[in-house]
Amino acid sequence: MQSFVKHTGVVAAMDRSNVDTDQIIPKQFLKRIERTGFGEFLFFDWRFHPDGTTNEDFELNRPRFKDASILVARENFGNGSSREHAVWALDDYGFRCVIAESFADIFYNNCSKNGVLPVVLSKDAVNRIHQSVAAEEGYQLTVDLEKLTVSDSDSLSETFEIDSFRRQCFLEGLDHIALTLQHADKIDAYEQSLKSV
Amino acid sequence: MIASAPRTMFEKIWDQHVVHQEPQKQTMLYIDLHLIHEVTSPQAFEGLRLAGRKVRRPERTVATEDHNVPTSDRHLPIADPISRQQIQTLRNNCKEFGIRLYDLDNVKQGIVHVIGPELGLTQPGMTIVCGDSHTATHGAFGSLAVGIGTSEVEHVLATQTLLQTRPKTFEARFNGTLAPGVTSKDLILYLIGEIGTAGGTGYVLEYTGSAIEALSMEQRMTICNMSIEGGARAGMIAPDQKTFDYLRGREFAPKDFEAAVANWKTLSSDDGAKYDRVEIFDAADIAPQVTWGTNPGQVARVDSNVPDPAAMSDASERKSAELALEYMQLKAGQSIESIEINRVFIGSCTNSRIEDLREAAAVVKGKKVADSVHGMVVPGSGVVKKQAEEEGLDAIFQEAGFEWRDAGCSMCLAMNPDKLEPGQRCASTSNRNFEGRQGRGGLTHLVSPAMAAAAAVKGHFVDIRNW
């Protein structure tokens with residue numbers, strides 16, 4: 001997994017709640033058997049009209065968000081389907097971090113397997129970020145996982161929480177399976193106990 | 001005295017499956033049953049191959065083909081080459097890693113959450129995972145069943161364990177009894193309307209109370225299935241005599257069945273067990289439900305009107321409602337019964353079992369689907385299809401003008417050719433009314449099988465209680 005320590009980047013704002021994984025990566029792209037190359041399909045049905053032309057009204061199509069690497073939304077981001085393709089698409093498109101008031105559980109887990117950092121901030125903090133993005137083209141945030149802070153070059157400085165195990169995995173880019181297999185003896189013992197029942 | 005403290009069913013199952021726990025870390029849980037399908041597994045197997053890893057316990061993983069398979073012309077090769085490749089990849093992976101697969105040629109093939117219980121694979125007290133968010137379905141048997149992503153599928157294949165953060169517990173108690181015509185689908189839609197689509201986030205739901213106890217196993221599955229639509233990764237119902245009777249004699253039910261039952265009887269939450277959150281409802285308050293928006297929490301009684309966003313005090317809720325009404329081409333204040341539909345889908349892991357088909361068939365028997373409506377019935381498995389045909393349900397549906405299809409996920413997520421055209425409006429027994437879920441530009445209203453059947457006949461929503 002790619003590591004995440006500290007990242008500074010342009011913020012793209014999606015002023016919506018309940019952005020579901022069907023929108024993040026529509027079903028027609030789930031037939032692929034690869035793990036890569038999903039970025040071009042991110043938010044496909046919102047980014048493009050049915051005739052294939054670009055939907056200029058959609059947030060991410062604004063030229064000012066072209067180089068964005070941090071996405072800020074509202075509540076319950078990533079609800080719905082368990083499709084990890086949603087995270088692969090965000091990652092491949094260039095997002096390293098998503099900030100929201102809350103996340104759906106499976107999406108949050110999927111982010112933590114792919115080095116895309118989900119950051120939960122308060123409603124007030126998310127509001128401030130939306131206002132700053134609206135006010136300033138090229139608005140940037142710095143997300144620091146060692147210090148657990150989100151800050152801008154002005155006065156914004158917010159702290160966030162993440163469980164210590166996930167944090168360590170993000171910081172070091174650890175492979176969860178390899179970590180678990182370090183405890184193979186305990187799995188063996190558990191399976192032995194099943195047989196003796 | 002911690003050892004004797006009363007525990008919830010969730011806590012008992014969790015505690016029994018802990019393989020390893022270090023302070024401040026996620027819990028390593030043993031997984032009894034792993035279900036896989038063609039869409040969320042190929043990258044997991046590829047990951048195993050790249051790392052040179054094996055499947056630790058192939059006998060604990062079972063595969064089926066469901067999400068993207070055609071539901072007609074099964075004698076022909078799959079027309080879409082990308083779908084065909086994905087199915088072939090699953091077949092190759094199952095062969096390479098020694099995993100049992102129910103493929104399209106097998107009568108036992110079907111939607112993963114229909115065949116698990118049908119085969120008796122799903123049992124009380126188990127931990128069950130699948131790369132699909134509707135895995136919560138299996139919790140109807142008193143198991144802890146959660147949906148996972150592809151990286152977690154790979155983790156389970158390699159280790160037979162999953163790293164989990166211990167969720168909180170949420171009791172949703174339904175006292176009283178459901179009124180005639182009101183189904184378990186209405187109950188779960190009502191609950192999601194009450195708590196919101198994120199109301200269960202971070203929790204495992206346990207459904208309790210007399211209204212739940214009165215339900216059949218299939219009705220219970222419908223409720224647990226949609227736990228994820230309320231944000232909860234798992235939903236559970238305590239096993240009882242109905243659970244044991246359902247499982248007895250099924251192919252993979254325990255050999256020593258009575259010993260298993262004795263054990264299963266100890267799973268129910270203890271008297272005095274504490275939940276982190278409790279909500280109590282009166283089942284008699286629940287009317288047939290119809291969703292009007294683009295998430296399952298945007299739902300109303302059939303005998304009411306589309307709500308007015310302007311009357312919503314929460315800014316975020318108001319904005320969501322405005323966007324939803326615009327997408328759904330509905331007007332605030334119009335009556336739910338005035339909404340005209342032109343497609344009907346009866347199927348999905350929520351409502352495609354034999355009782356669902358009986359419920360819908362009873363409504364349409366001797367009647368005709370409205371001229372303006374295209375109706376489709378997709379059984380949840382080959383076994384359900386066969387049973388329905390033995391009971392003559394296929395004839396009832398076809399005489400009414402419905403299409404009678406082969407088993408699969410079909411137009412619940414529209415990965416296969418079954419989909420809505422832009423602007424088509426569908427009464428659907430599935431679980432998600434997200435934008436474009438059933439086809440780009442398609443407009444989905446979630447309802448019970450009986451409500452979908454009645455809408456098919458009338459061409460608009462009607463209150464099934466007056467049918």
Side-chain angles (χ1 to χ4, degrees), chain A residues 1 15-18 20-23 26-28 30-35 44-46 50 74-76 79-88 101-110 112-114 123 163-166 168 175-181 183-184 186-187 189-191 194 197, chain B residues 19-20 24-26 28 30 39-40 42-43 46-47 51 53 56-57 67-68 80 82-83 85-86 89 131-133 135 147-152 154-155 158-161 163 165 167 197-198 201-202 228-229 231 233 294-295 316-317 319-320 323 413-415 422 432 434-437 440-441:
Chain A
M1 180 176 100
D15 189 4
R16 308 176 189 233
S17 292
N18 301 310
D20 61 72
T21 52
D22 273 73
Q23 309 314 323
K27 81 287 240 117
Q28 62 267 35
L30 305 186
K31 297 175 187 174
R32 303 172 79 248
I33 57 172
E34 300 84 11
R35 207 178 179 117
F44 191 86
D45 290 355
W46 283 350
R74 293 282 184 181
E75 295 169 71
N76 199 29
N79 67 314
S81 158
S82 67
R83 56 187 73 167
E84 196 163 316
H85 313 65
V87 180
W88 300 336
E101 291 163 37
S102 58
F103 291 91
D105 280 340
I106 305 178
F107 178 84
Y108 189 91
N109 265 341
N110 286 341
S112 70
K113 309 287 180 185
N114 289 280
K123 194 175 186 121
D163 75 71
S164 58
F165 174 69
R166 280 206 179 88
Q168 182 199 352
D175 171 357
H176 292 225
I177 297 176
L179 286 178
T180 295
L181 288 174
H183 300 288
K186 297 186 180 69
I187 307 174
Y190 185 91
E191 288 181 334
L194 292 179
V197 171
Chain B
V19 171
H20 182 56
Q24 304 297 312
K25 291 202 172 176
Q26 290 184 297
M28 193 185 298
Y30 196 74
V39 174
T40 56
Q43 296 87 350
E46 186 61 14
R53 288 172 179 141
R56 182 180 172 93
R57 292 284 170 236
H67 276 63
N68 114 41
D80 176 352
I82 310 174
S83 291
Q85 182 194 34
Q86 195 172 51
T89 301
D132 186 280
S133 59
T135 306
I148 58 177
T150 297
S151 292
E152 292 179 312
E154 184 179 341
H155 191 280
T159 70
Q160 205 56 44
T161 69
L163 301 173
T165 305
T197 53
T201 303
I228 185 72
E229 310 312 334
R233 287 181 75 184
T294 52
N295 72 56
S316 163
E317 190 188 347
K319 175 154 192 194
S320 287
L323 288 171
L413 82 166
M415 271 191 79
R432 289 199 173 122
F434 296 156
E435 279 186 34
R437 170 79 176 180
R440 187 170 182 165

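Because only heavy atoms are used, hydrogens play no part in the values below, and waters and symmetry mates are left out as well, while side chains stay in. The structure presented is a predicted model; accordingly, all values stated were derived computationally and were not measured. In what follows, chains carry the letters A, B, and so on, assigned in the order in which the sequence lines appear, proteins first and then strands, with residues in each chain numbered from 1.
Ion pairing of B:Glu154 with A:Lys113 is absent here, as no side-chain N (NZ or NE/NH1/NH2) approaches a carboxylate O to less than 4.0 Å.
With a 4.5 Å cut-off on non-hydrogen atoms, A:Asp175 touches chain B through its side chain but not through its backbone.
Results of the side chain to side chain contact (heavy atoms under 4.5 Å, CB included) test with A:Glu84 over B:Thr150, B:Thr40, B:Ile148 single out B:Thr150 as the only residue that passes.
Heavy-atom pairs under 4.5 Å with chain A peak, among B:Asp132, B:Asn295, B:Ile228, at B:Asp132. Of the listed residues (B:Glu152, B:Gln24, B:Gln85, B:Gln160), the one with the most heavy-atom contacts under 4.5 Å to chain A is B:Glu152. Most heavy-atom pairs under 4.5 Å with chain B: of the set A:Thr21, A:Asn109, A:Asn110, A:Leu181, this distinction falls to A:Asn109.
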Would you please test A:Asn79 and B:Phe434 for side-chain contact (heavy atoms from CB on, under 4.5 Å) and show each step?
-> CA-CA 10 Å; A:Asn79 67 314; B:Phe434 296 156; 3.9 Å; yes
Stepwise side-chain contact (heavy atoms from CB on, under 4.5 Å) check, A:Lys186 with B:Thr161 = CA-CA 11 Å; A:Lys186 297 186 180 69; B:Thr161 69; over 6 Å; no
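With sequence neighbours excluded, the residues that form a salt bridge (Lys or Arg N to Asp or Glu O under 4.0 Å) with B:Asp80 are A:Lys31. Among residues two or more places apart in sequence or in another chain, the salt bridge (Lys or Arg N to Asp or Glu O under 4.0 Å) test is passed with A:Asp45 by B:Arg440.
Aromatic ring centres of A:His176 and B:His155: separated by at least 6.0 Å.
The two residues B:Gly149 and A:Ile106 have their closest heavy-atom pair at N-CG2, 4.2 Å.
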